[in-house]
*Asks:* 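Please find one structure pasted underneath; my questions will follow.
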Amino acid sequence: MPELPEVEVVRRGLDQWVTGRTVATVDVLHPRAVRRHLAGAADFSAALTGRTITAACRRGKYLWLPLDSGDAVLAHLGMSGQLLVQPAETPDETHLRIRVTFRDGGSELRFVDQRTFGGLSYEIDGAQLPAPISHIARDPMDKEFDDAAFVAAVRRRKTALKRALLDQSLVSGIGNIYADEALWRAKLHGLRPTETMRRPELARLLTAVRGVLGDALGAGGTSFDSLYVNVNGESGFFDRSLDVYGRRDQPCHRCGTPIRRDPFMNRSSYTCPHCQPRPRRART
DNA sequence: CGCGCCTCCTGTGTGC
DNA sequence: TGCACACAGGAGGCGC
């Protein structure tokens, strides 16, 4: 659920509030929150204790905190995860999973997650790029993102265009919300077979993706859902700017045609049937 | 090997 | 009022 803009908002908060601080204690309150750390919760806590956080990095929807040891703490928010920087006296959140305290005695870092799809792990030698996310592509806002390579890769695929947008090994940071928003801006339908995409259409799509991600980041992220918050627990307000997502039966902001919702990949796709006509040869 | 379906999880909203 | 169920969905894993 949190996509690139929301995760980047969190990264900036972490960079501001936890970089340079040394870990005093680590309490894992729910084992599922460290299930990707195969050595277990006790090992996670022991490994992190005493380490100093040297930065806050992001690739796609993943965050990691490089450590003075050359290792890193890797985090994924899943659908409902939050990384909060809270004063120690703040009451525990209902779904508090992990608490990290620091030697300076200041604010705590808390991992809160209602639906427990997210989690943290300790990655040895992960400071540069943790091994479990080496397959994640750069995001389209990254200076090193290769437009031509992306266009070529999409055209080699045999899948639906929206599936390609959601494939984090092709382009990262895009989830269901911004995929629909970008397709609407580019006037493309998500069921277009990728091998039929023309290069200018994909260039237009990349422009649309960058536009919607940039706008959302400027607004501090989307939050029609109170689960998306920065490290201070505050929501963004990009939901006011959404053009199609969640707007079933409401008029298209370009042409007034009612937006339609269709099932897609066990979730939803929102399109304007006039601006984004369904392709004759749709690929599901 | 590429593609696509399934599953993990819990709180909220809706209809009967 | 209460119950049942749909829905939200990122991404690893697995089957075809």
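Chain naming here is simple, since letters A, B, ... match the order of the sequence lines and numbering starts at 1 in each.
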*Asks:* Rounding to 10°, can you tell me the angle the first-five-pair axis of the helix from B/dG2-C/dC16 to B/dC16-C/dG2 makes with its last-five-pair axis?
*Replies:*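 Angle reported: 50°, given to the nearest ten degrees.
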*Asks:* Nearest whole Å is fine: how far is C/dA11 P from A/Asn176 CG?
*Replies:*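 Spelled out: CG on A/Asn176 to P on C/dA11 is 12 Å.
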*Asks:* Residues in ring pair (Phe, Tyr, Trp, His ring centres under 6.0 Å) with A/Phe44, at least two apart?
*Replies:*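 Result, ring pair (Phe, Tyr, Trp, His ring centres under 6.0 Å) vs A/Phe44: A/His37.
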*Asks:* Below 30° counts as parallel, above 60° as perpendicular, anything between as tilted: where do the rings of A/Tyr62 and A/His76 land?
*Replies:*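 Ring orientation, 0 to 90° scale: perpendicular.
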*Asks:* Listing request: all salt bridge (Lys or Arg N to Asp or Glu O under 4.0 Å) pairs with a residue in residues 58-79 of chain A, at least two apart in sequence or in separate chains.
*Replies:*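 Only A/Glu8-A/Arg58, A/Arg51-A/Asp68, A/Arg58-A/Asp139 qualify under salt bridge (Lys or Arg N to Asp or Glu O under 4.0 Å).
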*Asks:* Who pairs with A/Ala55 by side chain to side chain contact (heavy atoms under 4.5 Å, CB included), at least two apart in sequence or on another chain?
*Replies:*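 Only A/Cys57, A/Pro66 meet the side chain to side chain contact (heavy atoms under 4.5 Å, CB included) criterion with A/Ala55.
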*Asks:* Give the B/S/- string for nucleotides 3-9 of chain B, one per nucleotide from 5' to 3', where a protein heavy atom under 4.0 Å of the base yields B, of only the sugar-phosphate yields S, and otherwise -.
*Replies:* SSS--BB
*Asks:* Would you verify whether the NZ or CZ of A/Arg254 falls within 45 degrees of the ring axis of A/Trp184 while also being under 6.0 Å from that six-membered ring's centre?
*Replies:*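 Yes; both conditions hold, so A/Arg254 lies above the ring face of A/Trp184.
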*Asks:* What are the residues of residues 118-140 of chain A, sorted by number, that bring a heavy atom to within less than 4.0 Å of DNA chain B?
*Replies:*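 Nucleic-acid contacts, sorted: none.
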*Asks:* Could you check whether A/Thr116 and A/Gln114, counting side-chain N and O atoms only, form a donor-acceptor pair closer than 3.5 Å?
*Replies:*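 A/Gln114 vs A/Thr116: no donor-acceptor pair found between side chains.
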*Asks:* Using a cut-off of strictly less than 4.0 Å, decide whether A/Tyr178 has a side-chain nitrogen or oxygen near OP1 or OP2 of C/dG10.
*Replies:*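 No.
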*Asks:* What I want to check is whether the side chains of A/His253 and A/Asp243 have a donor and an acceptor closer together than 3.5 Å.
*Replies:*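 The criterion, which ignores hydrogens and geometry beyond distance, is satisfied for A/Asp243 and A/His253.
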